[in-house]
Amino acid sequence: MDKIFITIAGIATLAFLIVSVLVVFVTKRNRRDAMDRFRYRPKKQLMTGAEKHCFQVLNDVFGQKFYIIPDVSLSALLSHKVGNQNRHEAYSYIENKTVNFVFCNKRTLRPVCAVKIDDGTNTDHTPGSDPKDMEKFFRSAHLPFVRITKPSKLDRQTIIEDFSRVIYEVSLLRPTTRKRKSSQK
């Protein structure tokens, strides 16, 4: 009787494996076929509205000194691998989040400042997506973060004031100090 159950279980397991392999194969083939059916075209504009206006003003004021890169993900900008914190949980707060612009040093490409347009139209309510939450992430990284709350009224003077204030505030933060193991000779 036990041999019958073992045989049936073996046949069922083998059938399950065969069906699983077939499903994976058919699914991959269908995705490949679907990929060939879809067509794309370039968008007419990379940015529109408030984002375009902000980019133009920022580029006018800071374009000689910095590269201004639009639409950068937080995971490309901030490392979640800090100390012995829960890295998976830390990453989950910045995953799939973006800032509108990042200023980079033209010589080194090092990020100098991040900018988020906060015009009240944020539809993403996941933890970390609010610009006020993002401000905390950047403060912990000692990287200036500017929230532009009225993009339509943005002008040269407002930009200079906002950036000066934020950079001054970040300069007051104490840098994190790491304890290094002393090398023994």
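In this structure, V146 and C113 approach most closely via the heavy-atom pair CG2-SG, 3.9 Å.
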Criterion side-chain contact (heavy atoms from CB on, under 4.5 Å) on V115 and C54, from CA distance to verdict: CA-CA 10 Å; V115 178; C54 288; over 6 Å; no
Could you walk me through whether L78 and F138 pass the side-chain contact (heavy atoms from CB on, under 4.5 Å) test, one step at a time? CA-CA 8 Å; L78 302 173; F138 285 94; 4.0 Å; yes
Applying side-chain contact (heavy atoms from CB on, under 4.5 Å) to R147 and M134, what does each step give before you reach the verdict? CA-CA 10 Å; R147 285 176 42 217; M134 287 184 186; over 6 Å; no
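Among residues two or more places apart in sequence or in another chain, the side chain to side chain donor-acceptor pair (under 3.5 Å) test is passed with Q157 by E161. By the side chain to side chain contact (heavy atoms under 4.5 Å, CB included) test, A50 is found to be paired with P151, residues two or more places apart in sequence or in another chain being considered. Judged as a side chain to side chain donor-acceptor pair (under 3.5 Å), and not counting sequence neighbours, the contacts of D155 are T158. The side chain to side chain donor-acceptor pair (under 3.5 Å) check on D60 picks up R156, with sequence neighbours excluded. Partners of R87 by salt bridge (charged side-chain N to carboxylate O under 4.0 Å, His left out), not counting sequence neighbours: none found. With sequence neighbours left out, S75 forms a side chain to side chain contact (heavy atoms under 4.5 Å, CB included) with S73, Y91, I94. Not a single side chain to side chain contact (heavy atoms under 4.5 Å, CB included) links K43 to another residue, sequence neighbours left out. Legend: residues meeting side chain to side chain contact (heavy atoms under 4.5 Å, CB included) with K65, ordered by chain and number and at least two apart, are absent. Listed by chain and number, the residues in a side chain to side chain donor-acceptor pair (under 3.5 Å) with Q85 amount to none (sequence neighbours excluded).
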Please table the atom pairs, donor to acceptor, closer than 3.5 Å between any side-chain atom in residues 5-23 and protein atoms at least two apart or in another chain.
| unit_1 | atom_1 | unit_2 | atom_2 | d |
| --- | --- | --- | --- | --- |
| T7 | OG1 | K3 | O | 2.6 |
| T13 | OG1 | A9 | O | 2.8 |
| S20 | OG | F16 | O | 2.9 |

Can you list, pair by pair, the side-chain donor-acceptor contacts under 3.5 Å of residues 98-111, counting residues two or more places apart and other chains?
| unit_1 | atom_1 | unit_2 | atom_2 | d |
| --- | --- | --- | --- | --- |
| N100 | OD1 | I117 | N | 2.7 |
| N100 | ND2 | E51 | OE2 | 3.4 |
| N105 | OD1 | R107 | N | 2.7 |
| N105 | OD1 | T108 | N | 3.0 |
| K106 | NZ | G63 | O | 2.9 |
| T108 | OG1 | R110 | N | 3.2 |

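Between Y93 and F137, the two ring planes are tilted [angle within 30° to 60°].
For the atom pair CD1 of I68 and CG of L58, the computed distance is 5.0 Å after rounding to the nearest 0.5 Å. Note that CZ of F145 and CG of L77 are 10.0 Å apart. Values are rounded to the nearest 0.5 Å. Between atom CG of residue L74 and atom OG of residue S79 there is a gap of 12.5 Å, rounded to the nearest 0.5 Å.
Linking Ile, Leu, Val, Met, Phe, Trp and Tyr whenever their side-chain heavy atoms come within less than 4.5 Å puts I148 and I160 in one cluster.
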